[in-house]
Trainee: 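Handing you a structure now.
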Amino acid sequence: MTPKTIIEPFKIKSVEPIKFTTREEREKLLKNAGYNPFMLHADNVLIDLLTDSGTSAMSAKQWAGIMNGDEAYAGSKSFYRFEAAVNKITNMKHIIPTHQGRAAEKILFSIVGGKGKYFPNNTHFDTTRANIEFTGAEADDLLVEIGKHPAERADFKGNMDVEKLEDFIKEKGAENIPLCMLTVTNNSGGGQPVSMKNIRETKEVCKKHNIPLFLDACRFAENAYFIKLREKGYENKPVLEIAQEMFSYADGATMSAKKDALVNIGGFLAMNDEELAMKCRNLLIVTEGFPTYGGLAGRDLEAVAQGLEEVVDEHYLQYRIKSVEYLGNKLVDAGVPIIEPPGGHAIYIDAKRFLPNIPAEQYPGQSIVCELYLEGGVRGVEIGSVMFGKYDENGKLIPAMMELVRLAIPRRVYTQSHIDYLIEVIIEVFKNRNKLKGYKITYEAPMLRHFTAQFEPIG
Ligand code: F0G
């Protein structure tokens with residue numbers, strides 16, 4: 001038989017209890033947190049969907065790897081296992097460990113960035129953008145048009161607009177573009193995948209102008225699985241081979257191992273260019289550590305190596321992608337507006353359509369985030385005008401392009417009944433949406449205000 005029920009492809013060996021609180025308790029806790037769930041103590045959260053980064057459950061083999069870690073300062077055997085595991089997927093000549101994704105970005109852009117330089121991407125993740133802008137360079141998003149329409153379904157809404165890229169290169173000059181990036185999957189655009197065809201076409205444009213192509217590869221395995229499901233010609237290919245083909249078009253990659261390497265900390269830089277690799281290693285020694293450990297312990301390298309083997313397992317990926325899709329489809333069936341189709345690692349609620357009566361100035365996404373916690377102890381994150389809003393010279397809010405609430409699903413952590421509970425909570429909040437209030441900010445930091453801002457409900 002071909003079973004209809006997709007089960008978690010693991011047994012649970014070790015458990016971490018979660019704490020139940022009452023609505024009255026959560027009302028107090030949220031008020032004390034200034035209505036900003038970032039300020040909650042995590043043990044007062046029942047289902048924590050703040051991020052899928054560093055929140056994976058490690059396997060028994062990864063924990064065994066932790067014990068096997070070789071902590072030699074130089075030439076650790078754990079490094080060579082890590083290097084071989086990354087090389088198997090990327091086939092890149094130079095593999096440089098870092099303590100997480102943004103450390104890889106910091107090193108790369110410190111070397112190739114600077115004033116007058118431009119970096120195109122389908123959509124830069126915030127830390128990538130920040131690391132580019134910090135050097136004085138410009139970060140540009142060239143996402144395909146369909147990727148900007150949350151209610152429309154398409155297979156590859158994370159694709160680069162290749163024509164725009166071509167025009168962009170002509171306008172800025174290839175000599176001012178040290179590299180081009182593709183973020184797979186596109187986190188900031190809803191966790192939407194990039195097709196193999198698009199990776200290939202992006203590479204052709206880059207090659208014509210002699211511009212290296214780098215992948216922001218955090219969620220490469222989820223992207224590869226979407227290619228298998230949705231792109232003609234890949235339905236019978238093993239995911240590992242699909243991933244290898246994706247990397248074959250790239251000249252380098254940055255990676256946060258906290259996502260698709262199934263670990264709690266780690267990352268790397270990979271590339272073929274020998275001279276660039278030498279510069280990166282030299283900077284790595286100043287900022288992260290010796291090139292055979294980066295900012296990591298030997299045991300962390302073991303866990304990454306093992307995680308990279310496990311993440312391309314197709315039973316795992318089927319469970320992963322299907323459980324996010326299950327959540328998304330149940331919400332769509334109940335009329336809850338989300339970015340469609342569901343992404344790889346998260347569901348993004350469209351707060352503009354969820355709360356059409358609450359204007360951007362009153363932060364509809366924040367209102368939903370607060371209510372999800374009050375209703376069911378669920379923690380998500382606002383990705384809208386709290387996170388990306390700016391002020392004009394008269395102090396008036398310039399809203400973000402979209403008002404979203406991200407519910408990111410940690411890997412291998414929650415079971416189907418957790419997801420069913422989550423669906424109940426979201427639908428309940430949706431039913432009561434007319435009772436939700438807007439929020440005003442009572443304190444904000446000059447930069448990255450969403451982490452520490454304090455709010456009050458209006459009225
Ligand atoms: N690139 C992408 C696409 C990411 O999603 C992240 C992190 C990074 C780079 C940076 O990696 O955190 O290891 O330094 N995303 C997390 C998130 C934080 O919640 O989406 P890092």
Side-chain angles (χ1 to χ4, degrees), residues 37-38 42 48-56 86 96-110 119 121-134 139 141 143 147 157-158 160 179 181-194 214-223 226 246 250 252-270 284 287-288 294-296 300-301 303-304 307-308 311 324 339 343-348 369 379-384 386-388 404-411 413 448 450-451:
F38 269 109
D48 201 349
L49 308 178
L50 195 58
T51 180
D52 64 319
S53 181
T55 50
S56 298
V86 177
I96 301 168
T98 59
H99 80 274
Q100 61 183 76
R102 69 197 72 182
E105 294 163 0
K106 169 82 182 153
I107 289 170
L108 180 65
F109 294 114
S110 299
F119 294 93
N121 197 332
N122 47 355
T123 314
H124 289 279
F125 182 66
D126 348 346
T127 58
T128 324
R129 171 175 290 281
N131 274 305
I132 289 170
E133 290 174 351
F134 189 72
D141 296 338
L143 185 67
K157 287 173 80 176
M160 174 80 90
L179 58 88
M181 282 196 113
L182 265 179
T183 304
V184 295
T185 58
N186 183 19
N187 184 6
S188 313
Q192 301 293 323
V194 179
F214 271 59
L215 297 185
D216 177 339
C218 303
R219 300 179 180 85
F220 75 93
E222 289 168 9
N223 199 92
F226 276 120
M246 285 166 56
T254 57
M255 169 88 182
S256 168
K258 299 170 74 172
K259 284 84 168 174
D260 269 353
L262 302 170
V263 291
N264 307 120
I265 195 75
F268 59 81
L269 256 173
L284 183 87
T287 59
E288 292 277 292
L296 295 169
D300 299 324
L301 295 166
V304 172
L308 287 174
V311 80
V324 176
I339 294 192
H345 67 293
I347 292 295
Y348 295 70
V369 161
R379 178 158 71 168
V381 62
E382 195 264 9
I383 302 194
V386 175
M387 196 180 268
F388 295 125
L404 303 173
V405 171
R406 186 181 78 170
L407 304 169
I409 314 296
R411 293 169 182 79
V413 170
L448 297 172
H450 56 283
F451 288 118

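Indexing begins at 1, ligand by ligand and atom by atom, following the structure's order. Quick note: numbers below take in every heavy atom, side chains included, and nothing from hydrogens, waters or symmetry partners. This is a predicted model, so every value here is computed, not measured.
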Trainee: With a 4.0 Å heavy-atom cut-off (strictly under), which part of Arg406 contacts ligand 1: side chain, backbone, both or neither?
Mentor: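 The answer is the side chain of Arg406.
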Trainee: Using distance alone, decide if ligand 1 has a nitrogen or oxygen within less than 3.5 Å of any nitrogen or oxygen in Arg219.
Mentor: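 Among all N and O atoms of Arg219, at least one is under 3.5 Å from an N or O of ligand 1.
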Trainee: In terms of atom number and element, which parts of ligand 1 are under 4.0 angstrom from non-hydrogen atoms of Asp216?
Mentor: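 Atoms satisfying the 4.0 Å criterion: 1 (N), 2 (C), 3 (C), 9 (C).
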Trainee: How close do Tyr348 and Leu404 get, counting heavy atoms only, and between which atoms?
Mentor: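 That closest heavy-atom pairing would be CD2-CD1, 4.0 Å.
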Trainee: Quick check: closest heavy atoms across Leu179 and Phe119, and the distance to 0.1 Å?
Mentor: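 In terms of heavy atoms, the two residues are closest at O-CD2, 3.5 Å.
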Trainee: Could you tell me which atoms of ligand 1, counted from 1 in the order shown, lie closer than 4.0 angstrom to a heavy atom of Thr183?
Mentor: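 Listed by number with element: 3 (C).
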Trainee: Donor-acceptor pair, distance only, cut-off 3.5 Å: does the side chain of Thr183 make one with the backbone of Thr123?
Mentor: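 Answer holds: yes.
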Trainee: Report yes if some N/O of Ser256 lies less than 3.5 Å from some N/O of ligand 1; otherwise report no.
Mentor: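 N/O-N/O distance under 3.5 Å: yes.
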Trainee: Ile409 and Asp52: which non-hydrogen atoms are nearest, and at how many Å?
Mentor: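 Shortest heavy-atom contact: O-CB, 3.5 Å.
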Trainee: So which atom in Gly191 and which in His345 form the shortest heavy-atom distance, rounded to 0.1 Å?
Mentor: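 Smallest interatomic distance, heavy atoms only, reads CA-CE1, 3.5 Å.
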Trainee: Would you call Lys259 a ligand 1 contact, heavy-atom distance under 4.0 Å?
Mentor: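 Per 4.0 Å heavy-atom rule, Lys259 contacts ligand 1.
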Trainee: Going by the atom numbers of ligand 1, which of them fall below 4.0 Å from some non-hydrogen atom of Glu105?
Mentor: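 What qualifies from ligand 1 is 1 (N), 9 (C).
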Trainee: Between Asn187 and ligand 1, is there a nitrogen or oxygen pair with a distance under 3.5 Å?
Mentor: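 Yes.
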Trainee: Examine Arg102 against ligand 1 and note whether any of their N/O atoms are separated by less than 3.5 Å.
Mentor: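 Yes; the residue has a nitrogen or oxygen that sits under 3.5 Å from a nitrogen or oxygen of the ligand.
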Trainee: Is there a heavy atom of Gly267 sitting under 4.0 angstrom from any atom of ligand 1?
Mentor: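 Flag not set, Gly267 not near ligand 1.
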Trainee: What pair of heavy atoms forms the shortest contact from Leu262 to Gly307, and how long is it?
Mentor: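 Taking every non-hydrogen atom into account, CD1-O, 3.8 Å.
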Trainee: Return the closest protein heavy atom for atom 8 (C) of ligand 1 as residue, atom name and distance.
Mentor: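 Its nearest protein heavy-atom neighbour is Phe125 CD2, 3.4 Å.
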Trainee: Taking 4.0 angstrom as the limit and counting only heavy atoms of Gly101, give me the atoms of ligand 1 inside it, by number and element.
Mentor: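 Counting atoms of ligand 1 from 1, those under 4.0 Å from Gly101 are 11 (O), 13 (O), 14 (O), 21 (P).
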Trainee: Counting only N and O atoms by type, is there a donor-acceptor contact under 3.5 Å from the side chain of Asn264 to the main-chain atoms of Ser56?
Mentor: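 Yes; judged by distance alone, with no hydrogens or angles, the pair exists.
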Trainee: Check for a donor-acceptor pair, side chain of Gln192 on one end and backbone N or O of Asn186 on the other, with a separation under 3.5 Å.
Mentor: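 Absent.
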Trainee: Just which atoms of ligand 1 are under 4.0 Å from any heavy atom in Lys258?
Mentor: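 Answer for ligand 1: 13 (O).
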Trainee: With heavy-atom distances below 4.0 Å as the criterion, list the atoms of ligand 1 near Thr127.
Mentor: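 Selected atoms, number and element: 8 (C), 9 (C), 10 (C).
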Trainee: Can you see which heavy atom on Pro410 is nearest to which on Thr51, and at what distance?
Mentor: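 Distance-wise, the nearest heavy atoms are CG-O, 3.9 Å.
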Trainee: Do any nitrogen or oxygen atoms of Gln100 come within less than 3.5 Å of a nitrogen or oxygen of ligand 1?
Mentor: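 Among all N and O atoms of Gln100, at least one is under 3.5 Å from an N or O of ligand 1.
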Trainee: Give the atoms of ligand 1, by number and element, whose distance to some non-hydrogen atom of Cys218 is under 4.0 Å.
Mentor: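 Atoms satisfying the 4.0 Å criterion: 1 (N), 2 (C), 3 (C), 4 (C), 9 (C).
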Trainee: Name the residue from Thr55, Val311, Val263, Asp260 that meets the side-chain contact (heavy atoms from CB on, under 4.5 Å) definition with Arg411.
Mentor: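 Among the candidates, only Asp260 passes.
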Trainee: Would you mind running through ligand 1 and noting each atom that sits below 4.0 Å from a heavy atom of Thr51?
Mentor: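 In order of numbering, the contacting atoms are 17 (C), 19 (O).
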Trainee: Atom CD in Gln100, atom CD in Glu288: separation rounded to 0.5 Å?
Mentor: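 One gets 8.5 Å once the value is rounded to the nearest 0.5 Å.
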